[in-house]
Amino acid sequence: MVAPIPGRSQPANNSEGSNWKAEQAAAIRDPEELFRLLSLDLADLPAARTAATQFPLRLPRALLDCIEPGNPADPVLRQFLPLGKELDTVAGYSRDPLAETAAQAGPQATPGLLQKYSGRALLTLTGACGVHCRYCFRRHFDYTDANPLADWPAIRQAIAADKGIEEVILSGGDPLLLGTDKLRRVSTELAALPHLRRLRIHSRQPVVLPSRVDDELLDWLTGLPLDTVLVLHVNHPAELGTRAREALRRLRQTGITLLNQSVLLGGVNDSADTLCELSEALFANGVLPYYLHVLDKVEGAAHFDLPESRARLLWNQVHARLSGYLVPRLVREIPEASGKILL
């Protein structure tokens with residue numbers, strides 16, 4: 001397990017009776033507040049403010065416990081801190097690197113429902129996230145017409161009519177930013193479709209806002225009649241503080257499968273030591289490393305990118321050091337491909 005980091009407070013997780021919505025609403029949104037809380041150099045504040053006008057800052061206060069004050073290169077902070085580099089125009093980087101806007105604009109498309117891969121359907125349940133990752137491939141995505149809950153009968157009918165769909169993926173944004181009552185309504189109607197076998201949920205919330213793993217959420221997950229997979233997103237072992245580890249322990253007790261996908265990020269996890277420590281820490285907390293993505297070339301995130309040759313070298317170093325089940329698949333996503341491309 002990842003030991004508490006010296007000098008950082010590690011409050012216990014109070015899931016029972018927790019008010020995660022209030023904690024989420026109190027997330028840091030003002031770059032100046034973040035700079036002052038973490039004793040960062042105020043000379044960098046104007047650039048951070050400008051970057052935040054393009055893609056807003058959002059950081060739950062629980063994550064402050066995982067960040068070293070005074071260190072702008074802290075690997076957790078680096079994922080969420082707005083930088084002037086985001087404003088650079090770099091050839092080859094676009095606002096929609098996976099062409100998802102086009103995928104939802106065809107004559108047969110249903111807003112809020114993405115069907116990129118055979119046998120699976122993805123629902124962008126909300127455009128909101130609990131934390132704003134600066135490298136997010138959907139940082140420019142227009143969620144205005146991509147809300148399945150706004151026209152749920154049409155979405156449900158589209159899934160019901162396609163008997164080839166065996167798995168529905170709840171995504172966003174972050175689906176766990178919705179109230180559990182809404183999630184329960186969606187899952188109940190999906191579970192009534194006889195051809196569905198699995199429900200997959202993609203969320204960062206259990207790690208960035210551990211209070212989200214409350215009794216109501218656990219009750220919903222425990223009672224789901226579909227085989228359920230929760231795919232987390234953790235990039236660095238320092239993200240797994242005391243509260244996050246307790247949230248993962250509670251999630252394991254529901255019997256669902258816990259997987260993790262990471263993104264390979266320059267200055268965050270671009271070393272074999274860090275990647276090995278991450279895999280070991282995840283497995284110690286009941287989470288199986290699943291994917292290691294190379295960066296989707298989204299506008300504003302070029303400073304995180306690494307050459308593919310470097311990515312392959314790091315993966316081979318990890319593969320040489322860890323048991324096979326601890327080694328995530330190194331992948332790239334390409335628009336219109338039939339699945340993720342193994343590298």
Side-chain angles (χ1 to χ4, degrees), residues 5-10 23-95 97 128-141 173-174 204 207-209 233-241 244 262-271 273-275 278 293-307 310:
I5 299 171
R8 304 181 191 177
S9 61
Q10 299 287 337
E23 190 176 347
Q24 182 65 69
I28 300 166
R29 300 168 188 264
D30 180 2
E32 182 174 355
E33 181 184 12
L34 180 63
F35 270 64
R36 294 193 182 281
L37 284 171
L38 292 176
S39 302
L40 300 175
D41 187 350
L42 293 179
D44 297 324
L45 179 58
R49 279 180 170 152
T50 303
T53 64
Q54 302 298 310
F55 184 48
L57 166 69
R58 181 178 292 177
L59 185 77
R61 295 175 190 273
L63 273 174
L64 293 176
D65 300 318
C66 303
I67 297 171
E68 179 186 358
N71 181 12
D74 180 275
V76 178
L77 175 63
R78 184 170 165 79
Q79 299 176 57
F80 313 115
L81 177 67
L83 295 175
K85 293 178 181 179
E86 297 175 30
L87 306 173
D88 295 342
T89 299
V90 181
Y93 295 79
S94 69
R95 297 175 69 86
C129 278
V131 67
H132 284 180
C133 306
R134 309 311 298 179
Y135 52 87
C136 178
F137 70 93
R138 288 187 183 142
R139 58 180 283 164
H140 305 291
F141 189 71
D174 194 314
R204 239 194 191 283
V207 171
V208 302
L209 191 75
H233 178 181
V234 184
N235 293 319
H236 193 279
E239 296 172 52
L240 297 174
S262 303
V263 180
L264 187 58
L265 301 168
V268 174
N269 57 10
D270 54 335
S271 79
D273 287 346
T274 299
L275 293 171
L278 174 60
H293 292 262
V294 297
L295 185 77
D296 296 314
K297 294 185 179 297
V298 64
E299 182 181 299
H303 54 291
F304 286 111
D305 209 356
L306 296 170
R310 172 70 174 158

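Taking each heavy atom of A51 and P82 in turn, the nearest pair found is CB-CB, 3.9 Å. Pairing each heavy atom of C129 with each of H132, the nearest pair is CB-CD2, 4.2 Å. Between V208 and P60 the shortest heavy-atom distance is O-CB, 3.5 Å.
Residues meeting the salt bridge (charged side-chain N to carboxylate O under 4.0 Å, His left out) test with D296, sequence neighbours left out: none.
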inquiry  = Pair L295, V263 - check side-chain contact (heavy atoms from CB on, under 4.5 Å), show working.
reply    = CA-CA 6 Å; L295 185 77; V263 180; 4.2 Å; yes
task = May I have the step-by-step check of side-chain contact (heavy atoms from CB on, under 4.5 Å) for L34 and L64, ending in yes or no?
result = CA-CA 9 Å; L34 180 63; L64 293 176; 4.2 Å; yes
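One N or O on the side chain of D74 and one on the backbone of E68 form a donor-acceptor pair closer than 3.5 Å. Between the Q24 side chain and the G130 main chain, a donor and an acceptor come within less than 3.5 Å of each other.
In this structure, the side chains of L57 and D30 stay at 4.5 Å or more apart for every pair of heavy atoms.
The CG atom of L278 sits 4.5 Å away from the OG atom of S262 when rounded to the nearest 0.5 Å. Here the CG atom belonging to D270 is positioned 6.5 Å from the CG atom belonging to L264, to the nearest 0.5 angstrom. Taken to the nearest 0.5 Å, the CG atom of D305 stands 3.5 Å off from the NZ atom of K297. From H303, atom NE2 reaches atom OH of Y93 across 10.5 Å, with rounding to the nearest 0.5 Å.
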Under 3.5 Å, sequence neighbours excluded: what are the donor-acceptor pairs made by side chains of residues 35-47?
from: R36; atom 1: NE; to: E32; atom 2: OE2; distance (Å): 3.1
from: R36; atom 1: NH2; to: E32; atom 2: OE2; distance (Å): 3.1
from: D41; atom 1: OD1; to: A43; atom 2: N; distance (Å): 3.0

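Evaluation of the side chain to side chain donor-acceptor pair (under 3.5 Å) test over residues 75-89, restricted to residues two or more places apart or in two chains, returns Q79-R204, Q79-N235, Q79-E239, E86-R134, E86-R139.
Ring geometry for H233 against Y135 counts as perpendicular: the plane angle is over 60°, on a 0 to 90° scale with 30° as the lower cut.
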